[in-house]
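Source: prediction; values computed, not measured.
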Amino acid sequence: MKEDDKRRLPDARVSLPPRAMASTLLDTTTMVESFTRELTAVRGRVHRPQTAEQAIETVITLLCEAGGDEILAWADEALPVAGLGEAIRRAGFKALETTVQAATRADGRQERQTQLSRASAGVTGALAGLADTGSIVVTSSPKRPRLASLLPPTHIALLPVDRLYPDLPTFLARHPDLLL
């Protein structure tokens with residue numbers, strides 16, 4: 001086969017086309033209203049605590065509503081509210097270790113996944129919220145386990161208002177490092 005005959009995928013680092021609306025001009029109030037409307041449409045709930053203490057109280061209330069005392073959560077330092085992890089522990093909730101090592105026996109891995117599936121809720125932060133869809137952007141790392149947002153039936157995502165963007169193209173334009 002000649003070099004010219006090889007097919008290649010297009011370069012992934014293409015620029016996004018501009019949106020028709022001037023989404024970057026939306027004010028915070030309009031974005032919060034839009035985000036709330038869109039998230040509520042898919043049965044999500046938005047809470048607007050005004051202080052860190054109110055945020056902690058809201059999270060504890062939501063964990064109690066979810067039932068159970070085992071949860072999955074990001075590391076304390078990865079959560080956007082200082083003291084939240086400690087408050088969760090003081091309230092009697094146990095954050096399960098989310099690591100699922102490659103087991104030599106398949107049943108060992110399955111057993112660990114079964115243990116983690118007992119978690120009634122996951123507590124994470126969010127890198128961003130998208131006002132036009134009510135979506136959140138969540139990234140993972142060792143201190144930000146993906147399972148905390150995906151596995152439990154209830155996901156509590158903490159999203160500071162200053163991380164709210166009108167739409168995905170605006171978010172990506174402001175964070176080009178994420179496209180690499």
Side-chain angles (χ1 to χ4, degrees), residues 26-101 109-168 171 174-175 178:
L26 295 178
D27 61 54
T28 301
T29 301
T30 303
M31 286 194 298
V32 169
E33 289 171 358
S34 176
F35 181 82
T36 300
R37 181 180 57 254
E38 296 301 323
L39 184 62
T40 302
V42 293
R43 297 189 180 162
R45 292 168 42 194
V46 175
H47 301 270
R48 301 251 350 253
Q50 300 301 306
T51 65
E53 293 78 18
Q54 289 175 351
I56 290 170
E57 182 179 312
T58 300
V59 170
I60 300 297
T61 298
L62 293 170
L63 290 173
C64 290
E65 288 175 8
D69 62 353
E70 295 178 317
I71 65 168
L72 302 180
W74 281 4
D76 292 2
E77 62 271 18
L79 292 169
V81 177
L84 177 59
E86 179 59 34
I88 289 171
R89 290 186 290 279
R90 278 196 318 268
F93 295 95
K94 178 185 177 189
L96 301 173
E97 170 58 49
T98 57
T99 305
V100 179
Q101 299 292 338
R109 184 174 172 85
Q110 181 75 26
E111 181 181 331
R112 182 67 183 134
Q113 290 172 333
T114 300
Q115 290 170 349
L116 292 174
S117 70
R118 293 191 316 240
S120 58
V123 180
T124 72
L127 181 61
L130 308 176
D132 67 337
T133 61
S135 303
I136 59 170
V137 177
V138 180
T139 57
S140 65
S141 72
K143 294 184 182 281
R144 297 175 172 169
R146 183 179 15 238
L147 283 178
S149 65
L150 298 174
L151 186 60
T154 299
H155 177 208
I156 302 166
L158 295 122
L159 174 66
V161 173
D162 65 349
R163 293 186 189 170
L164 197 57
Y165 295 85
D167 50 38
L168 184 60
F171 168 71
R174 293 186 189 162
H175 296 277
L178 296 175

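- The heavy-atom pair separating Thr124 from Ala148 by the smallest distance is CG2-CB, 3.8 Å.
- Residue Glu38 qualifies as enclosed at atom CD: its count of foreign heavy atoms under 6.0 Å is above 12.
- A distance of 9.0 Å separates CZ of Arg89 from CG of Leu84, quoted to the nearest 0.5 Å.
- Looking at every heavy atom in both residues, Ile56 comes nearest to Ala82 through CD1-O, 3.9 Å.
- Pairing each heavy atom of Asp76 with each of Gly85, the nearest pair is OD1-CA, 3.3 Å.
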For this session: Given side chain to side chain contact (heavy atoms under 4.5 Å, CB included), test Phe93 with Cys64 step by step and report yes or no.
Result: CA-CA 9 Å; Phe93 295 95; Cys64 290; 4.0 Å; yes
For this session: Might you work through the side chain to side chain contact (heavy atoms under 4.5 Å, CB included) test for Leu151 and Thr98, ending with a clear yes or no?
Result: CA-CA 10 Å; Leu151 186 60; Thr98 57; over 6 Å; no
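- Interatomic distance, OG1 of Thr154 versus CG of Leu72, reported as 11.5 Å (0.5 Å rounding).
- Partner of Glu70 under the side chain to side chain donor-acceptor pair (under 3.5 Å) criterion, chosen from Arg118, Lys94, Gln115: Arg118.
- Residues passing the salt bridge (charged side-chain N to carboxylate O under 4.0 Å, His left out) test with Glu77 are Lys143, sequence neighbours excluded.
- Counted within 6.0 Å of CZ on Arg146, heavy atoms from surrounding residues, nucleotides or ligands total 12 or fewer; the atom is thus considered open.
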For this session: Evaluate the side chain to side chain contact (heavy atoms under 4.5 Å, CB included) criterion for residues Ile71 and Leu96: first the C-alpha distance (whole Å), next the side-chain angles of each, then the deciding distance (0.1 Å), finally the verdict.
Result: CA-CA 6 Å; Ile71 65 168; Leu96 301 173; over 6 Å; no
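- The CE atom of Met31 sits 5.0 Å away from atom CG of Leu164, with the distance rounded to the nearest 0.5 Å.
- Rounded to the nearest 0.5 Å, atoms CG (Leu147) and CD (Glu97) are 10.5 Å apart.
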Exercise. For Leu127 and Leu178, what are the C-alpha separation, side-chain angles and deciding distance, and is it a side chain to side chain contact (heavy atoms under 4.5 Å, CB included)?
Worked result: CA-CA 11 Å; Leu127 181 61; Leu178 296 175; 3.8 Å; yes
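- Atom OG1 in Thr133 sits 8.0 Å away from atom CG in Leu168 (nearest 0.5 Å).
- Residues Ser120 and Pro152 come closest through the heavy atom pair C-CB, 4.1 Å.
- Atoms CG and CD1, on Leu158 and Ile136 in that order, are 9.5 Å from each other to the nearest 0.5 Å.
- Shown here for Pro153 and Ala119, the closest heavy-atom pair between the two residues is CD-O, 3.5 Å.
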